[in-house]
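Taking it in order: structure first as structure tokens, then the write-up.
For ligands, and for the atoms within them, numbers begin at 1 and follow the listed sequence.
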Amino acid sequence: MKYENLLIDEEDGILTLTINRESALNALNTQTMLELQHFFGENGPSTKHLKGVIVTGAGKKAFVAGADIKEFLALDAESGAEMSQRGQDVFFLIENFPKPVIAAVNGFALGGGCELAMACHMRVASEDAKFGQPEVNLGIIPGYGGTQRLIQYIGKTKAIELLMTGDMIGADEAWRLGLVNHVVPHDLAVEKAKEILNKIAKKGPIAIQKVIEAVNAYFQYDQDGFDAEVEAFGDTTDTEDFKEGAAAFIEKRKAEFKGR
Ligand code: CO8
């Protein structure tokens with residue numbers, strides 16, 4: 001698929017995916033959602049060799065300022081629910097991506113933009129980033145998982161306040177609440193995300209994939225997270241990587257993982 005709204009740059013095993021609609025503050029229109037679906041879905045790039053993916057927004061002002069408001073003015077109950085479901089499905093692909101995905105939030109992360117950042121495994125915010133779910137200002141609610149993931153990250157007390165007031169919070173408050181992992185000076189969010197991915201890349205890749213699966217299981221109503229952990233743990237013990245990791249520890253050397 002030829003991407004119109006995503007810029008992809010690969011360097012040293014790290015893919016940086018930039019939402020590139022700067023004139024609309026990188027708002028997620030249908031085309032961009034289709035491209036995200038393609039990228040994170042089965043037909044996207046091979047992930048075997050990847051350390052991980054960084055998601056960011058073009059320009060200095062916005063990560064993503066939301067779903068593209070101009071596109072959903074004509075929605076009704078049926079088409080609105082369909083659009084919400086399609087968006088949720090795309091963000092589940094990101095949440096379940098087998099390699100680490102980090103959002104480098106370089107400005108406004110509002111509505112669908114905050115939801116996109118929350119679907120990533122971690123968030124690094126620049127100090128002038130702003131987060132919020134302002135949908136109630138438009139008379140709607142978040143539709144791409146925001147009501148659920150915001151509670152998962154910051155708890156019901158603050159989540160329901162932010163969802164009802166539509167208030168924006170700055171990077172420092174987002175960090176204090178547990179919404180973001182790190183706050184860094186402007187322009188350094190992508191660099192910090194790379195540093196984290198390079199650190200993770202030294203670990204066993206299958207173990208990292210199993211961490212993603214087991215952690216996500218906690219939030220699935222039809223799965224028991226403890227059972228998922230037992231299964232994932234069993235899978236990791238059955239790998240060459242585990243034999244290598246244990247041998248390296250005993251021989252007092254650095255492990256060389258092969259992802260097998
Ligand atoms: N959609 C479309 N265009 C946008 C969006 C958006 N979400 N945000 C900004 N833009 C456009 C503006 O229209 C403007 O375009 P133009 O120059 O052609 O008029 C351009 O980007 C620059 O924006 P502003 O002039 O408004 O810039 P300011 O610096 O004055 O303000 C803000 C920046 C505060 C970020 C402001 O743009 C804003 O409030 N944007 C909207 C934020 C918002 O409400 N986001 C939530 C959208 S709803 C949503 O995400 C629902 C997700 C779930 C959908 C479920 C399926 C139905």
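Nearest protein heavy-atom contact of atom 57 (C) of ligand 1 is L75 CD1, 3.7 Å. The closest protein non-hydrogen atom to atom 39 (O) of ligand 1 is L110 CD1, 4.8 Å. Of the protein's non-hydrogen atoms, the one nearest atom 51 (C) of ligand 1 is E135 OE2, 3.4 Å. Nearest non-hydrogen protein atom to atom 19 (O) of ligand 1 is K70 NZ, 4.5 Å. Ranking protein heavy atoms by distance to atom 53 (C) of ligand 1, first place goes to G143 N, 3.3 Å. Looking at atom 36 (C) of ligand 1, its nearest protein heavy atom turns out to be L25 CD1, 4.6 Å. For atom 40 (N) of ligand 1, the nearest protein heavy atom (residue, atom name, distance) is A65 O, 4.4 Å.
Taking any N or O of G112, backbone or side chain, at least one lies under 3.5 Å from an N or O belonging to ligand 1. By the 3.5 Å distance cut-off applied to N or O atoms, F72 is not counted among the residues near ligand 1. Polar contact with ligand 1: absent for Y144 (N/O pair, distance under 3.5 Å).
Below 30°, between 30° and 60°, or above 60°: for F40 and F97 the angle between ring planes is above 60°, a perpendicular geometry.
Taking every non-hydrogen atom of M83 and a distance limit under 4.0 Å, the qualifying atoms of ligand 1 come out as 56 (C), 57 (C). Atoms of ligand 1 lying under 4.0 Å from at least one heavy atom of E115, given by number and element, are 52 (C), 53 (C). Under a 4.0 Å criterion applied to the non-hydrogen atoms of G111, ligand 1 contributes the atoms 46 (C), 50 (O).
Taking CG of N20 as the start and OG1 of T56 as the end, the distance is 11.0 Å to the nearest 0.5 Å.
Linking ILVMFWY residues whenever their side-chain heavy atoms come closer than 4.5 Å, directly or via other members, leaves L17 and F108 in distinct clusters. Note: the hydrophobic cluster containing L28 also contains M1 (ILVMFWY, side chain heavy atoms under 4.5 Å, direct or indirect links).
Looking at D12 and K51, a side-chain N of the basic residue comes within less than 4.0 Å of a carboxylate O on the acidic one, giving a salt bridge. Under the 4.0 Å criterion applied to side-chain N and carboxylate O atoms, R21 and D68 are assigned as salt-bridge partners. Under 4.0 Å is where a charged nitrogen must lie from a carboxylate oxygen, and between K243 and E240 no such pair does. Look at K210 and E231 and you find no salt bridge, because none of the NZ, NE, NH1 or NH2 atoms lies under 4.0 Å from a carboxylate O.
The proximity of N137 to ligand 1, defined as any non-hydrogen pair under 4.0 Å, does not occur for either the backbone or the side chain. Proximity of A67 to ligand 1, defined as any heavy-atom pair under 4.0 Å, is shared by backbone and side chain alike. Residue contacts with ligand 1, taken as heavy atom pairs separated by less than 4.0 Å, involve S23 solely via the backbone atoms N, CA, C and O. Neither the backbone nor the side chain of L28 has any atom closer than 4.0 Å to an atom of ligand 1 (non-hydrogen atoms only).
In this structure, atom 31 (O) of ligand 1 has no protein heavy-atom contact shorter than 4.0 Å. Shown here, atom 47 (C) of ligand 1 is in close reach of the protein: a heavy atom of it lies under 4.0 Å off. Proximity of atom 17 (O) of ligand 1 to the protein is not indicated, since no non-hydrogen protein atom lies closer than 4.0 angstrom. Distance check for atom 25 (O) of ligand 1: every protein heavy atom is found at 4.0 Å or beyond. In this structure, atom 2 (C) of ligand 1 has protein heavy atoms in its sub-4.0 angstrom surroundings.
A cation-pi contact, defined as under 6.0 Å to the ring centre and within 45° of the axis, is absent between R176 and F131.
No more than 12 heavy atoms of other residues, nucleotides or ligands sit less than 6.0 Å from atom CD of E256.
Distances from ligand 1 to the non-hydrogen atoms of A24 include at least one value under 4.0 Å.
Between the choices Q88, K130, K61, the shortest heavy-atom distance to atom 27 (O) of ligand 1 belongs to K61.
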